[in-house]
Number of protein chains: 2
Amino acid sequence: MWLSGPVNKSGVEMSQATARRVRQAAIELFATRGFHGTGIRDLAEAAGLSSATLYHYMGTKEELLVSIMRASLDRLVTAACQVTADVPDPIGRVTNLVALHVYTHAEQQLETRVVDGEIRALSPEHRPRIIALRDEYEACWQSAIDDGCDRGLLRPSSRGVARLALLEMCSGIARWYSPTGPFTLDELAERYVEMALGLLGATGPVPAPDLAPVRELVAANWSD
Amino acid sequence: MWLSGPVNKSGVEMSQATARRVRQAAIELFATRGFHGTGIRDLAEAAGLSSATLYHYMGTKEELLVSIMRASLDRLVTAACQVTADVPDPIGRVTNLVALHVYTHAEQQLETRVVDGEIRALSPEHRPRIIALRDEYEACWQSAIDDGCDRGLLRPSSRGVARLALLEMCSGIARWYSPTGPFTLDELAERYVEMALGLLGATGPVPAPDLAPVRELVAANWSD
DNA sequence: CTGAGTCTATCGATCGATCGATCGAGAGGA
DNA sequence: TCCTCTCGATCGATCGATCGATAGACTCAG
């Protein structure tokens with residue numbers, strides 16, 4: 001077997017379409033009602049299956065949550081590396097990270113709400129590995145901020161606090177964004193970049209950023 | 001009866017000390033495990049009571065959540081009015097609001113995490129009234145921001161987006177603040193004010209803010 | 001081509017545990 | 001005798017998870 005689809009706990013191949021329906025139903029319900037507020041039967045109904053069949057496509061309910069989080073964070077960390085890899089200018093790196101964060105948290109707002117808000121539902125067994133992924137992502141931000149400070153381009157009164165404030169600000173998008181709102185997502189991303197650089201005390205005039213490459217990367221990697 | 005203590009659903013007076021222990025236990029558990037992740041028996045154990053006795057001090061579990069949220073938001077709205085009432089300078093109003101938010105979200109981080117994160121657990125019957133309180137608080141922020149923009153002192157590219165970003169940034173404090181961290185709360189408040197004004201595009205030199213009155217107001221009103 | 005065997009996908013029924021909530025009873029002070 | 005406070009016992013409902021069974025598609029030896 002040279003190409004493997006999704007597998008359950010036994011390593012058996014499964015219908016990808018149904019497996020994806022289960023994942024999507026879980027993301028929607030976990031995001032709107034919370035992990036503990038979502039029952040197995042709610043999940044089954046939303047996926048159009050019986051609760052027994054559900055277990056053909058997943059391990060435990062918590063393993064389903066973990067796999068959703070891991071997939072989401074993996075994609076995010078990879079993308080964060082990509083949008084900062086070949087950008088020597090630290091302000092350009094911050095700009096790309098903000099744009100990436102805004103685009104993903106708006107377009108995948110249900111998924112990101114689960115990742116950001118349900119970590120506390122994880123058991124001590126699974127939590128550290130998810131936290132580690134999140135830390136890896138945040139380290140990418142910190143590195144860009146630190147570099148900008150060292151070169152005198154950014155002047156926050158505290159680098160660490162600035163990172164935390166910045167991330168919370170950008171993650172908020174997932175809690176209120178609506179595609180029918182008064183601003184397009186591109187406009188929102190631009191405004192967030194502007195606010196972020198103001199927050200970081202960027203010195204001097206900042207060139208108008210080109211967010212198109214980031215947007216295209218998001219469109220390519222989150223096209224499910 | 002000229003002075004009434006806490007009352008349960010029947011309007012009967014109760015021991016204030018025990019009632020407060022129940023509330024505190026609920027705040028701690030709701031904040032760390034979430035509303036749906038907290039069982040009635042967990043609550044009873046944390047409060048040092050049987051699950052039956054618990055119902056002597058509360059209505060339903062959801063009514064307990066609602067009363068926690070309402071009390072917290074009432075206090076916050078009142079304080080927001082107080083710290084902006086006699087301040088003609090819009091930048092001073094924003095400064096005070098940021099400081100108030102930071103102080104309360106750090107010192108009462110469990111309570112504010114419940115208020116900010118468990119609104120989705122409310123039934124359609126209770127949700128609108130809590131949302132209305134939150135909107136009232138946010139309107140206070142928006143008014144200060146708008147005023148600052150109208151006078152040319154603030155230049156965010158969008159007033160509404162700036163309000164949302166600002167509030168999310170400040171609320172984040174409740175998710176990571178620790179009294180044993182490298183910064184005192186006063187230092188954090190100062191840094192947040194600075195970041196907030198940068199985010200809002202404050203023009204010209206901003207005078208060093210005096211946060212002591214806000215801190216004292218918080219100490220006075222949240223002294224339980 | 002056929003028939004037995006294998007594997008995937010599905011479900012109704014049901015497990016023991018826990019859920020939120022209530023009951024009646026009792027203890028103790030006013 | 002009331003009233004406040006407390007609890008063990010228990011209610012029906014729902015929880016997450018598993019069971020055995022079944023239908024259908026595919027595999028492969030005869």
Side-chain angles (χ1 to χ4, degrees), chain A residues 1 3-26 29-30 33-68 114 118 120-123 125-126, chain B residues 1 3-23 25-26 29-30 33-68 114 118 121-123 125-126:
Chain A
M1 187 175 317
L3 184 73
S4 65
V7 293
N8 66 9
K9 57 195 167 185
S10 316
V12 181
E13 295 183 51
M14 298 174 297
S15 154
Q16 295 139 329
T18 307
R20 208 160 53 203
R21 246 191 308 138
V22 171
R23 285 181 74 88
Q24 199 52 43
L29 290 178
F30 289 169
R33 306 183 196 178
F35 178 73
H36 290 301
T38 302
I40 287 293
R41 288 159 186 84
D42 303 327
L43 219 45
E45 189 185 10
L49 299 172
S50 74
S51 66
T53 305
L54 208 57
Y55 280 88
H56 186 73
Y57 292 95
M58 63 183 223
T60 64
K61 188 179 140 189
E62 188 191 359
E63 284 166 5
L64 176 60
L65 174 63
V66 168
S67 88
I68 290 172
V114 172
E118 297 295 340
R120 69 176 171 199
L122 295 175
S123 66
E125 182 191 0
H126 292 110
Chain B
M1 184 177 320
L3 184 72
S4 67
V7 293
N8 66 8
K9 58 195 164 182
S10 317
V12 180
E13 294 181 52
M14 298 176 298
S15 154
Q16 295 138 331
T18 308
R20 206 159 55 203
R21 245 192 310 139
V22 170
R23 285 181 74 88
L29 290 177
F30 288 169
R33 308 185 195 176
F35 178 74
H36 290 302
T38 302
I40 286 294
R41 288 158 186 82
D42 303 327
L43 220 45
E45 189 185 10
L49 300 172
S50 74
S51 66
T53 304
L54 208 58
Y55 280 89
H56 186 72
Y57 292 94
M58 63 182 224
T60 64
K61 186 179 143 191
E62 189 192 358
E63 283 166 5
L64 176 60
L65 174 63
V66 168
S67 88
I68 289 171
V114 172
E118 297 295 341
L122 295 174
S123 65
E125 181 192 359
H126 292 111

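Chain naming here is simple, since letters A, B, ... match the order of the sequence lines and numbering starts at 1 in each.
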Q: B/Leu54 CG to C/dT22 C1': how many Å, rounded?
A: 13 Å
Q: Looking only at side-chain N and O atoms, does B/Thr53 come under 4.0 Å of OP1 or OP2 in D/dC5?
A: no
Q: What's the OH-P distance between B/Tyr57 and D/dC7, to the nearest Å?
A: 9 Å
Q: Can you tell me if A/Tyr55 touches the phosphate of C/dA9, counting only side-chain N or O atoms and a distance under 4.0 Å to OP1 or OP2?
A: no
Q: How many Å lie between NE2 on A/His36 and P on C/dT18, as a whole number?
A: 15 Å
Q: What is the distance, to the nearest angstrom, from the CZ atom on B/Arg21 to the C1' atom on D/dC5?
A: 12 Å
Q: Measure the distance from CG on B/Leu49 to P on D/dC5 and round it to the nearest whole Å.
A: 11 Å
Q: Starting at atom CD1 of B/Ile40, determine the distance to atom C1' of D/dA13, rounded to an integer number of angstrom.
A: 15 Å
Q: Check whether any side-chain heavy atom of B/Tyr57 lies under 4.5 Å from a side-chain heavy atom of B/Arg21, and answer yes or no.
A: no
Q: Tell which nucleotide pairs with C/dC19, taking only Watson-Crick or G-U wobble pairs whose two distances are both under 3.5 angstrom.
A: D/dG12
Q: Quick check on A/Glu62: does its CD atom have over 12 non-hydrogen neighbours (other residues, nucleotides or ligands) under 6.0 Å away?
A: yes
Q: Any ion pair linking A/Glu118 and A/Arg33 (charged N to carboxylate O, less than 4.0 Å)?
A: no
Q: Starting at the 5' end of DNA chain C, which residue's closest nucleotide do you reach first, A/Gly48 or A/Arg41?
A: A/Gly48
Q: What are the two closest heavy atoms between B/Ile40 and B/Ser51, and how far apart are they?
A: CG2-CB, 3.8 Å
Q: Taking OP1 and OP2 of C/dT10, is either one under 4.0 Å from a side-chain nitrogen or oxygen of A/His56?
A: no
Q: Return yes if some donor-acceptor pair links the side-chain N/O of A/Lys61 with the main-chain N/O of A/Phe35 below 3.5 Å, else return no.
A: yes
Q: Please give, in whole Å, the distance from C/dT18 P to B/Glu45 CD?
A: 13 Å
Q: Assign each of A/Ala52 and A/Asp42 to its nearest nucleotide of DNA chain D by heavy atoms, then name whichever residue's nucleotide is nearer the 5' end.
A: A/Asp42
Q: Rounded off to whole Å, could you give me the CZ-to-P distance for the B/Phe35 and C/dC19 pair?
A: 13 Å
